[in-house]
Amino acid sequence: MDEAFSFVFLMVAATLRVATPLVLCAMGGLFSEKSGIIDVGLEGKMLMAAFFGAATASVSGSAWVGVAAAIVAAEALALLHGFACITWRGNQVVSGVAINIIAAGLTVVLGNAWFARGGQTPALVGDQRLMSLFFPTAGDNAIVYLALLSVPATWWIIERTRFGLRLRAVGEMPLAVDAAGISVTWLRYRAVLLCGLLAGLAGAYLSVAQGAGFGRDMTAGQGFIALAAIIFGKWRPFPAFGACLMFGLLDAIAIRLQGVKVSGIGEVPVQLILALPYLLTMFLLAGFIGRAVAPKAAGIPYEKER
Amino acid sequence: MRALRRPLPPWADIVLLPVINVALAFLTVGVLVALIGVNPLHALKLLIGGAIGSSESIGYTLYYTTNFIFTGLAVAVAFHAGLFNIGGEGQAYIGGLGCGLAVLALDRYLPGWILIPLAIAAAALFGAAWAAVPAWMQAWRGSHVVITTIMFNFVASALMVYLMVNVLIAPGSMTPQSRNFGPAGKIPSMHDALHTIGINVAPSALNLSILLAILCCVGVWVFLWHTPWGYALRTMGHNPEAAVYAGTNLKSMTMLAMCLSGGLAGFVGVNELMGVHQRIVLDFPAGYGFAGIAVALMGRSHPFGIVLAALLFGALQQGGAELAFEIPSMTREMVVVIQGLVILFSGALAHLPRPWLQSLLALRSS
Amino acid sequence: MTAAPAIELRGIDKRFGSVHAVRGVSLVIEKGAITGIVGENGAGKSTLMSILYGLYRTDGGEILVEGESAPMDSPRDAIARGIGMVHQHFMLVDTFTVLENLVLGAEGGPLLAGGLAAARAELLRLSREYGLTVDPDARVADLSVGEQQRVEILKVLFRGARILILDEPSAVLTPQETDQLFRILATLKERGVSVVLITHKLREIMAATDCVYVMRQGQVVAERRTADTNPEELAELMVGRKVRLELDKAAPQRGEVRLEVEHLSLVDFRGVRLLDDIDLQLRAGEIVGIAGVSGNGQTELLQVLAGIRAPTSGRFTVCGRTVDAAHAIDPGEMRDLGLAHVPEDRHRQGMVAAFRASETSILGYHDEPPFSHNYILSNPVVGAHCAKLMEQFDVRPRLPGLLSGNFSGGNQQKLVLAREMARKPKVLLVGQPTRGVDIGAIEFIHRELVKSRDAGCAVLVVSVELDEILSLADRILVMFAGRIVGEVEQGLADERTLGLMMTGAKAA
Amino acid sequence: AQTAVKPAVVYANGGKFDKSFNEGVSNGVEKFKAETKIPVVDFEPANETQFEQAQRRFAQRGQDPIIAVGFSQAVALEKVAKEFPNTRFTIIDMVVPQPNVQSVLFKEHEGSFLVGVAAALASKSGKIGFVGGMDIPLIRRFQCGYEQGIKYADPKAELIANMTGTTPAAWNDPGRGAELAKGQFDRGADVVYAAAGNTGVGVLQAAKDRGKLAIGVDSNQNYLHPGTMLTSMLKRVDLAAYQSFKAANDGTWKAGAQVLGLKEGGVDWALDQFNEKLITPEMKAKIDAAKADIISGKIVVHDYMSNNACK
Ligand SMILES: Nc1ncnc2c1ncn2[C@@H]1O[C@H](COP(=O)(O)OP(=O)(O)OP(=O)(O)O)[C@@H](O)[C@H]1O
Ligand SMILES: Nc1ncnc2c1ncn2[C@@H]1O[C@H](COP(=O)(O)OP(=O)(O)OP(=O)(O)O)[C@@H](O)[C@H]1O
Ligand SMILES: [Mg+2]
Ligand SMILES: [Mg+2]
């Protein structure tokens, strides 16, 4: 009985630990995509945030200063994305890809120049990191709770506020928003900035809360998984949250499944287990969630001459 | 007050604008380089010298160019069909598996002049097959290729590690790599080929695969602009409804476009495995698939433009390595940053210099 | 002293790149009157109104609202000055409810709940006052076009507009709906609202307006009191030459049956019946017109007949080949049988804006000789073909190398028609042959269609313009809710009864 | 004064500061530099093709000797060594049979055996973890040696093993390393051994966060988290690099293969001020006994790579 409880507790904790950056990214991406700006660059934002978060925390000695720096870094990239896609009406996917590549390179270049450790930041110790608040074995630091909070907050903003109504409208029909006397540009910039805020938190989580320092490419594809979660959730906060939890749980299970022998098949190859989240994503995308309908104007620059 | 804006003349659109875009990217890099305490002009000199300073460095530049042409064409063909293939990385990987398997299976029985074309075909086939799955999912199940091709890159990697570790590993090998290809499975290197006709150049990784790359450029150009299928493919890319109206089956056209794209990406395996490594190794696509996006964007998805862009990227890759040789603080990631900035400035921010150019040209002409 | 006019425009100027869309236009909109604006395609009407509404920024000139200079930098300024606009293409968010669309931009606070409740009350009041009933909780996507327009008008009234601009409001309405619209406009006028009405239908100008401006090539070329003018004069002012408003044609010489449709039905993936048991016959040498409010299955009928969609049940026979659910056909094969199709929406289907005109001129025939030989496309042959089409159909400018999207709407339409008629098809399907096309081009297109009928082609025309159907068709079918609800011979039809059939109220 | 050597290093993928393998070489090089004041040039390649390029470029410039770090450089070196028969090369982790190449190999399984013994002795739960980088034979060799050591010290102990990933990122993903380690702790493990390059940093960190024990690899990583670092499996690549340069400088450099095991001091376990509190005298005695037995040949540690199986 007790063992079962602790098993469940540990699985839940492991799931949440892995899901936290996904949830934050997915909620951020949701704001952006609801406003009609596709964000393939979540990965890059998170990476840049992780780097600046760790770098600042290690220099300043304070984890929260690091978190703030992480958010600023992600916001800078968010503004770049906005500048390219909103102001200059560039291709949103291309801009996202560029941001990912720039972040992957720049973090290492800067890391090398500043710390001369092959792109890593010094390991964070003591107050330079956010530690568990209540359950040391669970790793429940402040950002985990922020991530949990971000889901109802996102829902409430999108469904219940004026900003949310306009956000939904601008992702469906920007022309109608423009004709109603509301600035499409400013609305979209706000959405992109919200996305930067959340992606920044996710990055900070990776390097100053869950981890203890930055390592090159430390996001390892989680931005894309968050993107997939948004699609699974059909651009709705709670279902997207569910998808993130599913990925987290899958990961927790995958870790336990390695080396386990399945009767009849023998030992499951490690590689299969590692590829499982990707395969499952494809499998579900292909068959089980039905056709997910993106906001109609997503990906289309609002081209309007004045 | 407001300068009158006129649309740019075609020459400015096709030549001037991309050049300015790349220049902007380099300008930004220059600032970055200066920020980390290196003289940008000195770095530029080393970069150029490293890329084209000797016959060896030219060889390496062209060898990288070969890869970039393949992945650039791959991305471009999909682009023309309105599809965004981010899976070049995985397709190149599996393409390499295809030619590798063909060579491993047959290099003891067949002479090179039969085996090499066969293995090249196998590379195309495997690359195409790896692209066909996301294509099928987009065409029939409506899941977007951008997501599925990314996922398939990870799956390709897992599959290759599994195969290399458990199946294809050479007996007694320390590392996951296959046995060496027999001589029949080797594409001659350029310095050897040139040597036989009496020209001596320094050895480099450049091999005859570059001829395949040039052939692909011509083939893609003919296909896209001079065949009815190419016409239908471009129609789909610009306006799917018009394509349906014109009698094109979007599903099969999606399959065709992605398979062509995957096949082209698969040729990276030919250059790398049959041309250089002469065995199957892990991780040989090394980012060429992603860089292909930049190459296609810069080259305006036209084979000729792609050759130019691939040359630039090849020179960057080679010159960047030399740069890292000479200046320790210039790490190899600098080249990655440059690639990213080129994608940003010639892709997403392509129109940035346009108003300025328009006013400039309007002023001059008035 | 007379009160200042509601709006005065002085010397308004606007360029889009090299297109000089509006050239120094001055006009006056009187308070409490209905002002009409007419003009050929691309004359600059919509652009002018968009400037007034703040959607475009003017390059020169001044806007005065009730005598005061009023710069319009964004629609916000226009709304604040009491200007409302119902656009040519509706500005509604499909996925929103009527109520949500109503409050967008006028939410009344950072939280939605209060604003929505207040809007619901206001909506009820407006509905009662003007007889504009809509369900506040219905999703806009589920509303008919007429209802959507009502929402647009409600939106304007909800914001308390005193000046109402309507850009081609009747293009999508049945005659009955149009009548209701004009009753509403009359009510508004009574309450002191000033109305600007843009339309291509001279009859509406004559019936509803107090005065009318005529625009041509970006300029106002005439101003008339409605009582002092007539449609012939207006048409001439618009086009700059005499226009024959009547189409004269001989009686049809009917030949063999080229298209036979039996019990044709189409059900979409949600189970909605888009086509319901359609029967029709089309003979060589006749033009059959299909009338109906858009969205009643005409689009789908053309798609099925052209091979773009497969029918769910029933069958049809084209030139001897029978098609049903089990024996589907694709548009390419259809063309091989001798069927040509001018789609309703040329931008979305008939052409590729990014292609050169020469490439658009072989769309659908690209894999046939002489364009394609041994699987190679011959660009010189294609170019020459396009030049010939442009000559025959007077497509301007005559530049096969120009991008298709850079031709004006009327010329794009001519290019598409030319392409489809060039092969002398046995059956010609034409959707909305002159939608949004000006009077001069309409005249030309109608004559070409009659010519090919006289040459023995079987022509099926779908149009929402009753005038067009009445003058062009030898036989008229009326579609409503996916069914053919009536059939009338030409000469026996009149607008009233057809209009009633189109709403499903009366069957013949 | 003397005709100084002009040494050079070509690092493996992963970079100079991976806190383990490459960094070990780098430490040896630094030591050489500090002692002799002879400058050493180095290069971190971006992809496999650059191995050959870098080796050749260094040789052309007259650098000598040149160390090629890591097994993946072998094929390239085979070619380049033939082109430059007068240049001396040293390769680590692989054999290149050329007259001008020195090959240095390590018996990682022997070192891993020892830390396995330590792990089994320190574990209270009898469950012991292992986090590898990629599932490749070299890492299996580590795991297999470790497992034998565990079984030797405690036949009932159970090994929980995880691999990190399938892409090169697997060597560089501390976040995932930490998560894998936490997963193992959740399943009851209380000692974990990381053989995953930079990923290991996360593993060691996770152990610290949870108050469990961790074992480092390649370099001595004990200093990273004093108190939770049980020990490190030393693979003395630093020594190999240092000695190669030193020998060249002294004129005693010799080509040929050398396999460095416990006997040769090529592998070992680390005991220093950072972990001395964790290693009780009994533990130390048992580990040293095992070490002596391996050196004397009484215990034969099976090498996974001899037959691609752990038995
Ligand atoms: N966004 C734009 N960019 C470039 N040119 C434009 C743009 N919008 C309109 N134009 C040009 O301005 C001219 C006026 O167009 P406008 O839409 O105002 O005509 P219109 O009188 O409303 O025509 P219609 O009767 O077809 O609605 C057209 O020739 C068109 O070419
Ligand atoms: N967004 C745009 N950018 C550049 N030119 C445009 C744009 N929109 C329209 N044009 C130009 O405007 C001209 C007319 O286009 P437009 O579609 O307004 O014609 P139209 O006769 O009003 O057709 P429609 O019946 O479709 O309204 C074309 O020559 C085209 O080049
Ligand atoms: Mg128009
Ligand atoms: Mg208009």
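Below, read A as the first sequence line, B as the second, and so on, with proteins coming before strands; counting in each chain starts at 1.
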Winner by heavy-atom pair count (cut-off under 4.5 Å) against chain A, out of [options]:
options: B:F152, B:F290, B:F345; value: B:F152
options: B:I36, B:V155, B:N166, B:V161; value: B:V161
options: B:A294, B:A350, B:G340; value: B:G340
options: B:V133, B:I147, B:I86; value: B:I147

*Side-chain heavy-atom pair A:L227, B:I150 within 4.5 angstrom cut-off*: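 Answer no - side chains too far apart.
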*B:F84 versus A:N91: any side-chain heavy-atom pair under 4.5 Å?*
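No - every pair of side-chain heavy atoms lies 4.5 Å or more apart.
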*asked:* Just verifying a value: how many Å separate B:E333 CD and A:L110 CG, rounded to the nearest 0.5 Å?
replied: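 Answer for the CD-CG pair, B:E333 versus A:L110, is 11.0 Å.
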Proximity breakdown for [X] and chain A, heavy-atom pairs closer than 4.5 Å:
X: B:M137; answer: side chain
X: B:L297; answer: side chain
X: B:I293; answer: side chain
X: B:L352; answer: both
X: B:L32; answer: side chain

*Using a cut-off of 6.0 Å, state whether more than 12 heavy atoms not belonging to A:F115 lie near its atom CZ.*
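For A:F115, atom CZ is crowded (more than 12 foreign heavy atoms under 6.0 Å).
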Which pair of heavy atoms, one from [X] and one from [Y], lies closest together, and at what distance?
X: B:F154; Y: A:G221; value: CZ-CA, 4.2 Å
X: A:L106; Y: B:V337; value: N-CG2, 3.3 Å
X: B:M151; Y: A:Y278; value: SD-CD2, 3.5 Å

*Taking A:Q92, A:R216, A:H81, A:Q271 one by one, which has the highest count of heavy-atom pairs under 4.5 Å against chain B?*
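Of the options given, most contacts go to A:Q271.
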*May I ask you to name which of A:L272, A:N100, A:N112, A:L276 has the most heavy-atom pairs under 4.5 Å with chain B?*
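Answer, by heavy-atom pair count under 4.5 Å with chain B: A:N112.
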